[in-house]
**Q** 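Before we start, here is the structure in question, set down as structure tokens.
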Amino acid sequence: QFQNWEIQFESAMQLKALIAGVVVVCVGPSTAAPFPGCYGGTLQGCPGTQNCTVKWIDQNIDHFNWAPPLGGKTYTFRQRYFVYDKYWTTNDDGKGPVFFYFGNEDNVELYVNHTGLMWESAEEFGALLIFAEHRYYGQSLPYPAGTDGCLSFLTTEQAMADFAYLIDHIRRERGAQKSPFIGFGGSYGGMIGAWFRVHYPNSIDGVIAASAPIWSFTNLTPAYDYNAFDQGVTYDASFQGGATDSCKKNLNAAWPKILAAAADPEKRERLQADFMTCGPVSENGGQGIINWASSPWGMMAMGNYPFTSSYLMHGLSNLPPWPVRTACSYLMNEFDNDDDLFVAIRKAVSVYFNNTGDVPCYGVGNEERVGPEFRAKMGSPLWAGQTVHARDGTCEGSWGYQWCTEMVQPFTSGTPKDMFYCPPGENCSAWDITPQARGCQAQWGVTPRPEWARVMLGGKRIEDASNIVFSNGMLDPWHGGGVLANLSSTVLAVVIPNGAHHIDLMFTDPADAAYPDIKAARDFERAQMHRWVAEANQRAANRS
């Protein structure tokens, strides 16, 4: 029976990890060493894209049909990947292992620069590093802007087929037919990595799937709690999560007060000053302010690291250490009047929205139409950051499109168990896809298939797979959809009490030293990687 993960150090030379009832003893410290002067959060002094070579491979736009995609003459596109081979070794038995990163829904540079576990382990393993870009993201674009129907081939299945062909190409091009391939992925990349191991076990010998919420879909048994993400965010904003319970209580109390102030012409002017809106607040603008003030908490919870980090800000700026706790520091007291409460909320969310300190005002408060399909909610990836209508001609990837097709992760918000707002008369504990499906049609011209990920990619019946480590941080609100207990002797779960979104994949940071569970997770993952490499080498020897 799964209980809270305990880590106990008996000496500097022995780590005993109790993981979901299976005791694994790693004797001897890992030889993986941080790069001198590397700060994992800001990437100062860390290796990255500047050390790599950029490569390209021609991929089929549609791997599963022989007809011309979209009826045109273009069958292929160029997929980009980054290579680092300084540590790759060759011996009498062949070449060393290959570490392969499964690209996410973004430019692959973000993962090249932040996946420290691969960089810090490469020399110890004598590994070749490959970072593959996901189709439709970065520079791996199948179609130019303006092509009708261009997003039709943005699916997880097509992306996994890309990765399978790329791995085969690397084996042949690099003479790595006998080399073990170890996969890495965080968040959606971790989901792809786990599913890839299930569907392409001949291509990959093991996968570290960090913060991979593969169980965040509908009609699973046992069921996924649709409120899990917002409960996770609320946990971070509580005493139990390292903040203060006054934080979540003050936020919960503020939402109806914001609406009431927006409905009062005299108080509306004060709302503009309290929240530093760029223009007057409209009568219906209270809901827009609530949406805006609710939205950054999910991102801050995902980036709730003990160090300054640029990861969730895509390298453009930095979140402070423990950003949720920093934000909650403005909401730890009782407030004598609503204006002070509203100003405190604005300061709290400015930890995310204005971490550079140069934002003069916020463009919220004058929304005239706010319905269920338009109500922005960070955590639900449906509308987060979507500013371009697909029918206006963009052919670049979007998580909004992926959510609206096959990655339909349900969310509820505003329940008694979270700190977010529930409009009067709505049952916020129930999830109804209908209004969001209307939004998907309006935005992308597609209808979601909420059952597809479960049916096609595996659901919860993956215990017959092997060589997967699922890691989840308890401060990461995605952990509610993750694998938190061992499924077999080779499909293992690591729970990191002080971890946020795939912190174990990040470069080592000096701040990690205060949290031995973070190091223990990385050590355990490296121990499994050594096992996978040894087993793959033995299988290769047996085939010779």
Side-chain angles (χ1 to χ4, degrees), residues 216 224-262 271 274-275 286-304 312 319 322-335 338 340-353 364 370 372 375-384 409-431 473-481 500-501:
S216 58
Y224 171 58
D225 183 349
Y226 299 167
N227 193 225
F229 187 94
D230 276 7
Q231 288 182 39
V233 176
T234 303
Y235 172 85
D236 281 27
S238 72
F239 175 79
Q240 192 176 10
T244 169
D245 286 342
S246 297
C247 183
K248 62 180 183 179
K249 291 177 181 177
N250 280 322
L251 286 168
N252 231 323
W255 309 135
K257 294 181 178 182
I258 292 172
L259 287 180
L271 273 184
D274 293 343
F275 285 102
Q287 183 65 61
I289 292 176
I290 290 174
N291 295 343
W292 171 78
S294 299
S295 64
W297 293 94
M299 294 297 284
M300 289 193 292
M302 290 167 62
N304 210 14
L312 268 297
L319 287 176
W322 303 119
V324 175
R325 300 175 193 182
T326 302
C328 281
S329 68
Y330 297 104
L331 293 163
M332 61 189 302
N333 300 316
E334 294 184 4
F335 294 91
D338 292 349
D340 289 344
L341 174 59
F342 296 162
V343 169
I345 291 176
R346 186 248 301 162
K347 290 180 178 179
V349 298
S350 293
V351 170
Y352 179 82
F353 286 129
V364 296
V370 181
R375 189 175 298 123
K377 180 71 186 73
M378 187 63 70
S380 169
L382 181 52
W383 306 116
Q409 296 166 303
F411 292 85
T412 59
S413 185
T415 76
K417 294 183 178 180
D418 69 55
M419 64 186 187
F420 298 103
Y421 180 63
C422 182
E426 286 193 22
N427 179 8
C428 291
S429 296
W431 181 67
M474 289 296 96
L475 299 179
D476 179 12
W478 285 110
H479 80 261
H501 206 47

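All values derive from a computational prediction rather than experimental measurement.
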**Q** Taking the side chain as every heavy atom from C-beta outward, state whether C422 and P416 have any atom pair closer than 4.5 Å.
**A**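 They are not in contact (no side-chain heavy atoms under 4.5 Å apart), so the answer is no.
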
**Q** With sequence neighbours excluded, what pairs up with K257 under the salt bridge (charged side-chain N to carboxylate O under 4.0 Å, His left out) test?
**A**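 For K257, the residues satisfying salt bridge (charged side-chain N to carboxylate O under 4.0 Å, His left out) (neighbours in sequence not counted) are D338.
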
**Q** Of the non-hydrogen atoms in A344 and L331, which two are nearest, and what is the gap between them?
**A**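 Smallest interatomic distance, heavy atoms only, reads CB-CD2, 3.8 Å.
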
**Q** Show your working on side-chain contact (heavy atoms from CB on, under 4.5 Å) between S429 and T415 and close with a plain yes or no.
**A** CA-CA 5 Å; S429 296; T415 76; 3.8 Å; yes

**Q** Do you know the tightest heavy-atom contact between A301 and A500?
**A**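 Scanning both residues, the minimum pair turns out to be O-CB, 3.8 Å.
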
**Q** D225: what forms a side chain to side chain donor-acceptor pair (under 3.5 Å) with it, not counting sequence neighbours?
**A** Q231

**Q** Looking at residues at least two apart in the chain, or sitting in another chain, which of them share a side chain to side chain donor-acceptor pair (under 3.5 Å) with S350?
**A**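 Checked S350 against side chain to side chain donor-acceptor pair (under 3.5 Å); matches are Y362.
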
**Q** Do F420 and N227 have side chains that get closer than 4.5 Å, going by heavy atoms?
**A**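 When only atoms from C-beta onward are counted, N227 and F420 do not touch, as no gap falls below 4.5 Å.
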
**Q** Could you tell me which residues satisfy side chain to side chain donor-acceptor pair (under 3.5 Å) with H479, sequence neighbours excluded, listed by chain and number?
**A**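 Residues passing side chain to side chain donor-acceptor pair (under 3.5 Å) with H479: none at all.
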
**Q** Go through the structure and list residues passing side chain to side chain donor-acceptor pair (under 3.5 Å) with S216, not counting sequence neighbours.
**A**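 Per chain and number, S216 pairs via side chain to side chain donor-acceptor pair (under 3.5 Å) with Q409.
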
**Q** Within this structure, what is the CD-CE distance for the pair Q240 and M474, rounded to the nearest 0.5 Å?
**A** 11.5 Å

**Q** Which atom pair, heavy atoms only, marks the closest approach of S413 to D230?
**A** OG-OD2, 2.5 Å

**Q** For W297 and V349, run side-chain contact (heavy atoms from CB on, under 4.5 Å): C-alpha distance rounded to whole Å, both residues' side-chain angles, the deciding distance at 0.1 Å, then the answer.
**A** CA-CA 8 Å; W297 293 94; V349 298; 3.8 Å; yes

**Q** Considering non-hydrogen atoms only, spot the tightest contact between L259 and G286 and give its length.
**A**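 Heavy-atom minimum between the residues: CD2-C, 3.7 Å.
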
**Q** Looking only at atom types and distance, does a side-chain atom of D236 sit under 3.5 Å from a main-chain N or O of G241, one as donor and one as acceptor?
**A** no

**Q** Quick one: does V233's side chain get under 4.5 Å of M419's, heavy atoms only?
**A** yes

**Q** Decide yes or no for N304 and P323: does some side-chain heavy atom of the first lie under 4.5 Å from some side-chain heavy atom of the second?
**A**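 Yes, at least one pair of side-chain atoms sits under 4.5 Å.
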
**Q** Could you state the interatomic distance from CG (D245) to OG1 (T234), rounded to the nearest 0.5 Å?
**A** 11.0 Å

**Q** Identify the heavy atoms of P423 and C428 that sit nearest to each other, and give their distance.
**A** CD-SG, 4.0 Å

**Q** Are any non-hydrogen side-chain atoms of Y330 and I345 less than 4.5 angstrom apart?
**A**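 No - every pair of side-chain heavy atoms lies 4.5 Å or more apart.
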
**Q** Taking side chain to side chain contact (heavy atoms under 4.5 Å, CB included) as the definition, give me every residue that meets it alongside L271, ordered by chain and number, with sequence neighbours left out.
**A** A261, A262, F275, V281, I289, F342

**Q** Taking ring pair (Phe, Tyr, Trp, His ring centres under 6.0 Å) as the criterion, tell me which of W478, W431, Y224, Y235 meets it with F229.
**A** W478

**Q** Minimum heavy-atom separation for N252 and D418, please, with both atom names.
**A** ND2-O, 3.3 Å

**Q** How many angstroms lie between CG in L251 and OG in S294, if you round to the nearest 0.5 Å?
**A**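 So the gap between those two atoms works out to 8.0 Å.
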
**Q** Relative to each other, are the rings of W292 and F353 parallel, tilted or perpendicular (30° and 60° limits)?
**A**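 Correct class here is parallel.
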
**Q** Can you measure from CZ (R325) to CG (L475) and round to the nearest 0.5 angstrom?
**A**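 That separation rounds to 6.0 Å.
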
**Q** Taking the side chain as every heavy atom from C-beta outward, state whether I258 and Y421 have any atom pair closer than 4.5 Å.
**A**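 Not in contact.
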
